[in-house]
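Both counts, for ligands and for their atoms, begin at 1 and track the order of listing. The structure displayed is predicted, hence computed values, not measured ones. Start at 1 with the first residue, then count along the sequence.
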Amino acid sequence: MREDIRSFLDRVEKPGRYTGGEPGSVYKDLSDVKLRVAFCFPDTYEIGMSNLGMRILCRAFNELDHVWCERVYAPWVDMEAEMRQRSIPLFTHESGDAVGDFDIVAFTLQYEMCYTTVLNMMDLAGIPLRHTERGEDSPIILAGGPCAYNPEPLAPFVDIFSIGEGEEALPELAKLYLSMKENGTYTKSAFLREASHLQGFYVPSLYEVTYHEDNTVAAIQPLYPDVPEKIRRRVVEDVDHTVVPTDPVLPYIETVQDRVTLEVFRGCVRGCRFCQAGFISRPVREKSVPVLCDIAKTTVENTGYDEISLMSLSISDYTEISHLTDELLEWTDEKKVNLALPSLRADSFSRELMDKISGVRTSTLTFAPEAGTQRLRDVINKNVTEEEILNACRIAFEAGKTQVKLYFMMGLPGETYEDIAGIADIAKHVLDTFYQTPGRNRARAPQVTLSVACFIPKPQTPFQWEGQDTMESLAEKQKFLMSKITDRKIRYNYHDARTSHLEAVFARGDRRLGDALELAQREGMRFDAWEEFFDYDKWIDVIRRCGLDPDFYANRTLADEEILPWEIIECGVSKEFLLRERHKSQAGDTTPGCHEQCSGCGANGGLDPYACTWCPGGKSSKKKDETPRQEKTPRTPAARPTPGFSDPGTQKVAYRTIRVRFVKEDPALYIGHLDVARVMARVVTRSGLPVYYTEGYNPRPKLVFASPLSVGCGSDCEIMDIRVLPEVTDEEILTALKAAEIKGLTVTDVYEARSKLTEITDASYRLRIHSPKASAEYAKIVEERFRTPVIMMKKSKSGEKEVDITTLIRSLSASFDEADGVLVVDCTLACGSSEYLNPSYVADAIARETDLITEDTWHETVRRALLRADGTEFR
Ligand code: SF4
Ligand code: SF4
């Protein structure tokens, strides 16, 4: 961790976002590194750490010799303010080095509303925003991800866009860099020119864009003859043998996807005409069951995660979903690992699948009919009928589920008020279905939640030419739908049309929008995907001040023959196919999914046919698996453990309560008690010890901690009790826990617990105050100050009240550590269930009563012992 952030880390929200040092972080010997890459996620740590793509790409870089790729996340606004105040530049998680000093700075572009955060991160790194302002010494700015399928709004800032899947392409780029450095031909411009020759890389500065008087694009032309006219995206053909991080970086703090994310296949067999993800990821490439099982098992063993989320665009379309879930459930039940299937389609949802996932925590099932009538579902090619939706709900209700969430879109091309009313009708029919299901769960009332988003025309889809509905029209439709919902069991959530409008502007924008992005960043805009920071009026003002019209980009219907700003990018699916689909939608005609019939979309062009599951000549046309599957006896759900006994119904065995002592220190210092508990649960799971698990749908190792420790406070004496089967010795437990322990939470001792945690009444702490004013005189002043009452506002469950904290301080002495120039305060504070004083109150009191602790000094606090009322150490 960087030393210069210590003085203010305790003042920012979730300091664990910035400390780095997480298990699984990759470190390399700098003397052997010739290319340093800073891989940036333009949003918070919790969101970025959940992104599977970034994990894969960092790994792809780090597998290369001489290349070190480190992670960077956008600091939250409080952290950014502290950093700017002290001129601390944006830094990486691993080395803590300034991002501006790296050779390549890469950004993943997951959504348009992250663009200002990209620029803000560059600014915080001290990197000039425009490529025209950057010299030889500035890093190369690389960007990729779904938004790179229309790279133009960011074209003035980015040196190279990576188009398509990056795990094979990025190492090629890195090798080109290394070889040009090696043979002495490297200059930035020479490298960019060479990079433009690699498939899947777009160097926007090598193209000139001209415009007609009506502002539409007149031409996109390469500036040099050797620069390609079109950029073809990259596709990984063999997804079974691609990079998979089975030992990912394990976050100390809770992240959005704190589980194993198992990517089952890429692409989607459907062809919903609004869906960019579906088109840009074609064709479908499935991983095989043995490979997936191996990945899942290894990752669970390495991480100690207790949930596997099967991730793909439409998971129930996986041709071997039944085989896969059977194989996984063979061991996940026993290891108490949950299986989660997030994206279900009503028409491929079965009772069998329901039975397999009925054990998961959630009581809500989610389906996406997208439109309220069959007519409109045909227009958008959402080939799912109301009957299929109701049938899927019936299956869910029979399995005891009571809540259904339905996703719809508003403002779709060709939409009428009848279609909007149809959304409310479907919700009513789902409720009727609940009451008509004989085996329904009668203990709970049903609930249908409608989540209605606004249609955004996305590049590389058949609807890329369609204009977005106006804000006024969308607002009226939202009101109309509200008026149609009369049952309180139907909840209605709708997306903010203003955010969708801006998203459409940048989704279909051209490179002139770069001016607006730059101005927005200069005026302090970032984190636009966060409601609290999104300012629609300011955005519209910024765009207009740059002489641009937001409606030109978002609301205009484009002509078939118009040159699209993103036309230089070839996403695999041909423009002819997209236009054909556009015209079919206008006629209300549907197109079958790839699994029913190949429609010749072009996405298989240039690929090994066998790589694709459904394309002609692909895997589905041959025998998928030569070895016959062994028939299995029907699976019965594994029995959940019963409290206190290892084997319910057969042999009643009492567990031994084992006390585990551990140290909490850097880099786990800045995590709170709940995160310590979560991480220690993973340690216990990874240890493989036969421990007692809690009951319920989400069983976890039963852990009991002695007095919680706050964020930023270290400890030499943490205590956690676990219950282990008696045949395992203390030595074996210690060995297993040591093998599974996580940096910063070091297990020091285990022994049978012979005393009750309730015996703890006090704890002793040492505060070391790093202040230039620290001296023997100040030590005396501090001691003196605590001899008389110190009144502080103290938080408790019932609120805040004034308390004389000296009544909770058993002893306090201060001294000056001359060697380190540090003021040392040793104190014993109340730490029982009835009386408790957080040591931060002592530090706050010293800050208030003296000028020892200021904004730029820092102090460390370590708990040294837990004590009984008689002053003896609790063990
Ligand atoms: S089912 Fe439709 S909406 Fe879902 S990923 Fe596939 S194409 Fe997109
Ligand atoms: S080539 Fe045919 S099977 Fe392959 S993705 Fe396109 S439509 Fe689907």
Open item on the list: Applying salt bridge (Lys or Arg N to Asp or Glu O under 4.0 Å), can you list everything that pairs with Glu415, at least two apart in sequence or on another chain?
Closed with: Lys477

Task: Under the salt bridge (Lys or Arg N to Asp or Glu O under 4.0 Å) test, residues paired with Glu476 that sit two or more places apart - done: none

- [ ] Pull out every atom of ligand 1 sitting under 4.0 Å from any heavy atom of Cys268, numbered as shown with elements.
- [x] 1 (S), 5 (S), 6 (Fe), 7 (S)

TODO: Could you list which atoms of ligand 1 come closer than 4.0 Å to a heavy atom of Cys275?
DONE: 3 (S), 5 (S), 7 (S), 8 (Fe)

Task: atom 2 (Fe) of ligand 2: protein N, O or S atoms that are less than 2.8 Å away, sorted by chain - done: Cys598 SG

Task: Exceeds 12 heavy-atom contacts within 6.0 angstrom, atom NZ of Lys484 - done: no

Would you be so kind as to tabulate the donor-acceptor pairs closer than 3.5 Å made by side chains of residues 456-463, with sequence neighbours excluded?
residue: Lys458; atom: NZ; partner: Glu112; partner atom: OE1; Å: 3.1
residue: Lys458; atom: NZ; partner: Glu112; partner atom: OE2; Å: 3.1
residue: Gln460; atom: NE2; partner: Tyr149; partner atom: O; Å: 3.0
residue: Thr461; atom: OG1; partner: Lys458; partner atom: O; Å: 2.7
residue: Thr461; atom: OG1; partner: Phe463; partner atom: N; Å: 3.3
residue: Thr461; atom: OG1; partner: Gln464; partner atom: N; Å: 3.3

Open item on the list: Between Glu562 and Arg508 (salt bridge meaning N to carboxylate O under 4.0 Å), is one present in this structure?
Closed with: no

Task: Under-4.0 Å heavy-atom contact with ligand 1, by part of Lys382 that carries it - done: side chain

Task: side chain to side chain donor-acceptor pair (under 3.5 Å) partner of Thr591, chosen from Arg273, Glu596, Gln597 - done: Arg273

TODO: Return the orientation label for the Phe577 and Phe279 ring planes: parallel under 30°, perpendicular over 60°, tilted otherwise.
DONE: tilted

